[in-house]
Amino acid sequence: SIEKVLREIERQRQSISSEVEYKKRLYAYGIKPKTLLMYAIPSEARQVAIDALFEFAENTKLEYAYQMLLLIIMLNRADENGLFSLEEATFCFAEFYRLRREAGLASERSYRSKRAIVDNPYASSSQMRQMLKTSPFPRFERQGLLDMSEDGRYFVANPALLEDLTPPLKQKLYSLAIRRMADHFGDEEFVIEAMVAKAIGR
């Protein structure tokens, strides 16, 4: 039975080194992680996670646009198990800020006279990766929205979000993030949306 298999996987989970390995083990048993989610996460918990995501999108303080960019990357790039790579997110960030510079726009608003990493057109990939891990990611982590795989290579969306994050809800969150970025930069929404589409996809 599925209950017996799940108990066996949970028993073995102590020896599995990462979330990615855990999901591979699920597949080996013939269980797709989404099936497990439906089985394991009650609808009330899923609704709480969705509410937390909308609350975050609407109200998190923006020193830079990083949180909204990472949110859009999560909406566009996470696979069916909620995974998307740090490398991919780094590339999307670099592309977005390159497009801003090419358009003659300020990379970022200055915040307390601090210079953002993305203001430096020569910032290395490793500097950008480190910035993602130390700046926007902890905001998501504190709200229980994102985790990171133990090997540090993947962001992992809260499993409670996956089942109920339907295309209409994703669109609502996407539009909200674009609007907040436009407000942050003082740009028109269509300008931000065009850059996001080029850098991240739609």
Can you confirm whether [X] sits close enough to [Y] that some side-chain heavy atom of one is under 4.5 Å from a side-chain heavy atom of the other?
{"X": "Tyr174", "Y": "Asn76", "value": "yes"}
{"X": "Leu146", "Y": "Phe137", "value": "yes"}
{"X": "Met181", "Y": "Ile192", "value": "yes"}
{"X": "Ser85", "Y": "Arg153", "value": "no"}
{"X": "Ile200", "Y": "Leu69", "value": "yes"}
{"X": "Val156", "Y": "Met148", "value": "no"}
{"X": "Phe140", "Y": "Phe155", "value": "no"}
{"X": "Glu95", "Y": "Arg98", "value": "yes"}

Whether the Ser126 and Gln130 side chains hold a donor-acceptor pair (N or O, under 3.5 Å, no angle test) is what I'd like checked. no
Looking only at the side chains, is there a donor atom on one of Glu108 and Tyr66 sitting less than 3.5 Å from an acceptor on the other? no
Could you go through Asn158 and Leu145, starting from their C-alpha distance and side-chain angles, then the distance that decides it, and tell me whether this counts as side-chain contact (heavy atoms from CB on, under 4.5 Å)? CA-CA 5 Å; Asn158 182 342; Leu145 301 171; 5.6 Å; no
Any salt bridge between [X] and [Y], counting N to O under 4.0 Å?
{"X": "Arg129", "Y": "Glu87", "answer": "yes"}
{"X": "Arg179", "Y": "Glu193", "answer": "no"}
{"X": "Arg46", "Y": "Glu163", "answer": "no"}

At their closest point, which heavy atom of [X] faces which heavy atom of [Y], and how far apart are they?
{"X": "Ala65", "Y": "Tyr97", "result": "CB-OH, 3.9 Å"}
{"X": "Ile73", "Y": "Ala89", "result": "CD1-O, 3.9 Å"}
{"X": "Leu165", "Y": "Lys170", "result": "O-CE, 3.7 Å"}
{"X": "Ala57", "Y": "Leu173", "result": "CB-CD2, 3.9 Å"}
{"X": "Met74", "Y": "Ala157", "result": "SD-CB, 4.2 Å"}
{"X": "Ser149", "Y": "Asp151", "result": "OG-OD1, 2.6 Å"}

Please test Val191 against Leu105 for side-chain contact (heavy atoms from CB on, under 4.5 Å), starting from the C-alpha separation and ending with a verdict. CA-CA 11 Å; Val191 172; Leu105 299 169; 4.3 Å; yes
ring-ring contact (aromatic ring centres under 6.0 Å, His included) contacts in which one or both residues fall within residues 183-202, not counting sequence neighbours: none
What verdict does the side-chain contact (heavy atoms from CB on, under 4.5 Å) test give for Phe91 and Met128, after you've listed the backbone C-alpha separation in whole Å, the side-chain angles of each residue and the deciding distance to 0.1 Å? CA-CA 9 Å; Phe91 175 79; Met128 292 286 282; over 6 Å; no
Using a cut-off of 6.0 Å, state whether more than 12 heavy atoms not belonging to Glu188 lie near its atom CD. no
Taking atom [atom1] of [X] and atom [atom2] of [Y], what is their separation to the nearest 0.5 Å?
{"X": "Tyr64", "Y": "Met131", "atom1": "OH", "atom2": "CE", "result": "10.0 Å"}
{"X": "Phe93", "Y": "Ser125", "atom1": "CZ", "atom2": "OG", "result": "13.5 Å"}
{"X": "Lys172", "Y": "Leu75", "atom1": "NZ", "atom2": "CG", "result": "13.5 Å"}

Sequence neighbours left out, cut at 3.5 Å: what donor-acceptor pairs do the side chains of residues 49-56 make with other protein atoms?
| unit_1 | atom_1 | unit_2 | atom_2 | d |
| --- | --- | --- | --- | --- |
| Asp51 | OD1 | Gln47 | NE2 | 2.8 |
| Glu55 | OE1 | Asn59 | ND2 | 3.2 |
| Glu55 | OE2 | Asn59 | ND2 | 3.0 |

side-chain contact (heavy atoms from CB on, under 4.5 Å), paired with Met68, selected from Thr60, Leu176, Ile178: Thr60
Without swapping roles, check the side chain of Gln67 against the backbone of Lys61 for a donor-acceptor pair under 3.5 Å. yes
Give a yes or no on whether the backbone of Ala106 and the side-chain of Arg100 come within a donor-acceptor separation of less than 3.5 Å. yes
